[in-house]
Amino acid sequence: MTSTASSAAAPLQVHVRMYRALSQNAAYKGMLGDCFLIRLVEGDRASHILFDCGLLLGSTDADARMRTIAADIVKTTGGVLDLLVVTHEHWDHISGFSQARDVFLGGADPATGAETLEIANLWMGWTEKDGDPQVQRLRERFDKTGAALSALVERISGDRTSPAAVAASQTVELQGFRGATSNGAKRLQGREIMAALKSKSKAPPQFLEPGTVLPTPTAKPGAPALRAYVLGPPRNEEFLFKDKPSSGKAQETYLADLQLSDEILRFAEGGDLGTGAETPFAPQYRTLAVADVEQGKAQSDDAAWLAARYFGDRVAEQSPHERALFKINARRRIDADWLGIADPLALKLDSDTNNTSLALAFDLPDGTSMVFAGDAQVGNWLSWHEQSYRDETGAEHSAEQILNRTRFYKVGHHGSHNATLDEKGLAMMTRDDLVAAVPTDEEFGKKQGSSGWQMPNPRVKAALRARTRDRILRNDRHYDADTRAADPELKDVDADFLARLTETDLYLEYRVL
């Protein structure tokens, strides 16, 4: 779908700009985060759609990089963004709205000299609709877990040796996606950003429902637009909370029961370890108070023995043999083992938030389509096939038909293992000219957490290479002739792909049409 007034005069050009913000001799290579600008150009008319704007917490020079990106968005759009699409509230998708707040939201110190961007229209998923009963229930669920985990991180920060810190290691690692708390508040910073964007939008925000088909709004009449299909997130919570595929008859491995969130929160706020009735250290099972022993308050021989061997009491006074024995015995402590619940809770919260991603497809004038999946997980993808899509002409479209005609795919969640479906996803993208865009910094990802993140996952990467014949955009990669000659993944990539690609340190831009 394009604007009819000027379509006869000039064909629609569609450009997708993937930001990365490199700089010469910088320590970083790419950008592990999402920020995509779609440029629709039809003769002397243009419109612009921005998908997200953020990068992973802990990225090098994050504020400066995001401000450079924001300045380019203002320059490219002429200061007016026709449509902002925010897929979900993870930090690596929305941090720029905080880091370049004066540009996106206004109201900052005018001494910066930054131009403010006008956001004409805003799209979010139904999961951001205030006053919706289902949304309220989801927020309560996420807030309960997020509050516990955020507070837990604050308490154990700087201590990666205690049992509590080791047990909750995954919680700390996932802060890169979730972002930090704001002003000590026990909730994700993302909620505040989302609220600010809703207020900034010139037109009332639209909260999109799955199965809807609608045109992209524009700031000026007659500007080019596209037909958009709302693929997800699903309303059906069986899909919404399905984050990983089953393996045969095996049960899902992620925790769904949040009954221990209160225990984590109690500890995080300074309470004793495992005081609840459901833990093995509940009062009815204890003869010595763990907190008393740990703080040296108990005076009995049993307490003194425990303190010396397991809690390091008077370690400085002990002999080398006794200190070595303490290190061995400390590993045998089980009073914090119940905090292992923080791992699956953190993973579940992370994946469930990903699964609320607003996933969209766009029709192009030549009968092809583009798919922007956000960070949609398994259930979100599967739900696309449970609904049909009726356009303004009354024609019905299936998810399979949309995927069959896809020529540009924004890869979900930086290429992680459960954010691109096989049989009902990538395998259905059958066009010979398919191009995939992966916003990642693979080396930076490998440095995250205790064992590193695979972004892209090797199996996903292999499938993308085979399906696209190496027509893959990665913002941690260069595409000049010398680099291509030395890179087996680029050595034989076709000339048309390269001819459509513009590469700068700030972005990679691909001309889809």
A.B. asks: Quick one: does any side-chain atom of Asp61 pair with a main-chain N or O of Ala64 as donor and acceptor, under 3.5 Å?
C.D. replies: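 No, the answer is negative, given that no donor and acceptor are paired below the 3.5 Å cut-off.
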A.B. asks: Identify, with sequence neighbours excluded, every residue that meets side chain to side chain contact (heavy atoms under 4.5 Å, CB included) alongside Gln13.
C.D. replies: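 Partners of Gln13 under the side chain to side chain contact (heavy atoms under 4.5 Å, CB included) test: His15, Val41.
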A.B. asks: Are the charged groups of Arg67 and Asp63 less than 4.0 angstrom apart, N to O?
C.D. replies: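 Result for this pair is no, no salt bridge flagged.
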A.B. asks: Near Glu238 CD, under 6.0 Å, is it more than 12 heavy atoms from other residues, nucleotides or ligands?
C.D. replies: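 Check fails, neighbour count at 12 or below.
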A.B. asks: Return yes if some donor-acceptor pair links the side-chain N/O of Ser357 with the main-chain N/O of Pro233 below 3.5 Å, else return no.
C.D. replies: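 Such a contact is absent between Ser357 side chain and Pro233 backbone.
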A.B. asks: Do Arg17 and Thr76 have side chains that approach each other closer than 4.5 Å (heavy atoms only, starting at C-beta)?
C.D. replies: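 Side chain of Arg17 against side chain of Thr76, heavy atoms only: contact under 4.5 Å found.
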A.B. asks: Report yes or no: does Arg467 contribute a side-chain atom to a donor-acceptor pair with the main-chain N or O of Leu434 at less than 3.5 Å?
C.D. replies: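 Flag not set: sc Arg467 to bb Leu434 has no pair under 3.5 Å.
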A.B. asks: Does the Asp476 side chain pair with the main chain of Glu442, one donor and one acceptor, at a distance under 3.5 Å?
C.D. replies: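 Side chain of Asp476 to backbone of Glu442: a pair is present.
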A.B. asks: For residues His90 and Asp375, is any side-chain donor paired with an opposing acceptor at under 3.5 Å?
C.D. replies: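 Judged by distance alone, the side chains do not pair up.
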A.B. asks: Would you mind telling me which of Arg484, Arg474, Arg20 makes a salt bridge (charged side-chain N to carboxylate O under 4.0 Å, His left out) with Glu503?
C.D. replies: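 When Arg484, Arg474, Arg20 are each tested with Glu503, the salt bridge (charged side-chain N to carboxylate O under 4.0 Å, His left out) holds only for Arg20.
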A.B. asks: Give, for atom CG of Asn355 and atom NE2 of His413, the distance between the pair rounded to the nearest 0.5 Å.
C.D. replies: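 Between Asn355 CG and His413 NE2, I get 11.0 Å after rounding to 0.5 Å.
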A.B. asks: Starting at CG of Leu364, measure out to CG of Leu513 and round the result to the nearest 0.5 Å.
C.D. replies: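 Going from CG on Leu364 over to CG on Leu513, the span is 5.0 Å.
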A.B. asks: Supply the atom-to-atom distance Asp441 CG to Arg477 CZ, rounded to the nearest 0.5 angstrom.
C.D. replies: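 One finds 12.5 Å between CG of Asp441 and CZ of Arg477.
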A.B. asks: If we count only N and O atoms by modelled type, under 3.5 Å, do the side chains of Thr420 and Tyr409 hold a donor and an acceptor together?
C.D. replies: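 On atom types as modelled, these side chains qualify, holding a pair under 3.5 Å.
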A.B. asks: Are Leu360 and Phe51 side-chain neighbours, meaning at least one heavy-atom pair lies under 4.5 Å?
C.D. replies: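 The answer is yes; the side chains approach within 4.5 Å.
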A.B. asks: For Arg431, check side-chain hydrogen bond (donor to acceptor under 3.5 Å, both in side chains) against everything at least two apart and list the hits.
C.D. replies: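 Testing Arg431 for side-chain hydrogen bond (donor to acceptor under 3.5 Å, both in side chains), a comparison that skips the adjacent residues, returns Asp433.
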A.B. asks: Would you check if the side chain of Ser201 reaches a backbone N or O of Lys198 as a donor-acceptor pair within less than 3.5 Å?
C.D. replies: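 Here the side-chain-to-backbone pair does not exist.
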A.B. asks: What residues, two or more places apart in sequence or in another chain, satisfy salt bridge (charged side-chain N to carboxylate O under 4.0 Å, His left out) together with Arg471?
C.D. replies: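 Asp494.
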A.B. asks: Does NZ belonging to Lys424 count more than 12 external heavy atoms closer than 6.0 Å?
C.D. replies: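 At most 12 heavy atoms, drawn from other residues, nucleotides or ligands, come within 6.0 Å of this atom.
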A.B. asks: Would you say Phe36 and Asp52 make side-chain contact, with heavy atoms under 4.5 Å?
C.D. replies: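 No, too far: nothing below the 4.5 Å cut-off.
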A.B. asks: With no hydrogens and no angle check, is any side-chain donor or acceptor of Ser416 less than 3.5 Å from a backbone partner on Gly412?
C.D. replies: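 No; judged by distance alone, with no hydrogens or angles, the pair does not exist.
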A.B. asks: Determine yes or no for a side-chain-to-main-chain donor-acceptor pair under 3.5 angstrom, with Arg235 supplying the side chain and Leu240 the backbone.
C.D. replies: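 A pair under 3.5 Å: no.
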A.B. asks: Within the structure provided, determine whether Leu214 and Gln206 are in side-chain contact (heavy-atom separation under 4.5 Å).
C.D. replies: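 Yes, at least one pair of side-chain atoms sits under 4.5 Å.
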A.B. asks: Is there a donor-acceptor pair under 3.5 Å between the side chain of Asp34 and the backbone N or O of His93?
C.D. replies: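 Not a single qualifying donor-acceptor pair exists.
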A.B. asks: Does any non-hydrogen side-chain atom of Leu84 lie less than 4.5 Å from one of Lys200?
C.D. replies: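 Sidechains of Leu84 and Lys200: no contact.
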A.B. asks: Judged by modelled atom types alone, do Asp92 and His414 share a side-chain donor-acceptor pair under 3.5 Å?
C.D. replies: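 Yes, a side-chain donor-acceptor pair sits under 3.5 Å.
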A.B. asks: Side chains of Tyr229 and Asp391: is there a donor and an acceptor less than 3.5 Å apart?
C.D. replies: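 No, no side-chain donor-acceptor pair sits under 3.5 Å.
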A.B. asks: Any sub-3.5 Å donor-acceptor pair from Asn457's side-chain atoms to Gly415's backbone N or O?
C.D. replies: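 Judged by distance alone, no pair lies under 3.5 Å.
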A.B. asks: Side chains of Tyr479 and Asp487: does their closest heavy-atom pair fall under 4.5 Å?
C.D. replies: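 No, every pair of side-chain atoms sits at 4.5 Å or beyond.
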A.B. asks: Ignoring hydrogens, what is the shortest heavy-atom contact between Arg465 and Asp470? Give both atom names and the distance.
C.D. replies: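 Heavy atoms only, the tightest pair is NE-OD1, 2.6 Å.
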A.B. asks: With side chains defined as the heavy atoms from C-beta onward, is the minimum distance between Thr212 and Leu208 less than 4.5 Å?
C.D. replies: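 The answer is no; the side chains never approach within 4.5 Å.
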A.B. asks: Taking the side chain as C-beta and beyond, is there a heavy-atom pair between Ile73 and Phe104 under 4.5 Å?
C.D. replies: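 SC-SC contact between Ile73 and Phe104 confirmed.
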A.B. asks: Counting distance only, does the side-chain N/O of Asp492 pair as donor-acceptor with the main-chain N or O of Arg469 below 3.5 Å?
C.D. replies: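 A pair under 3.5 Å: no.
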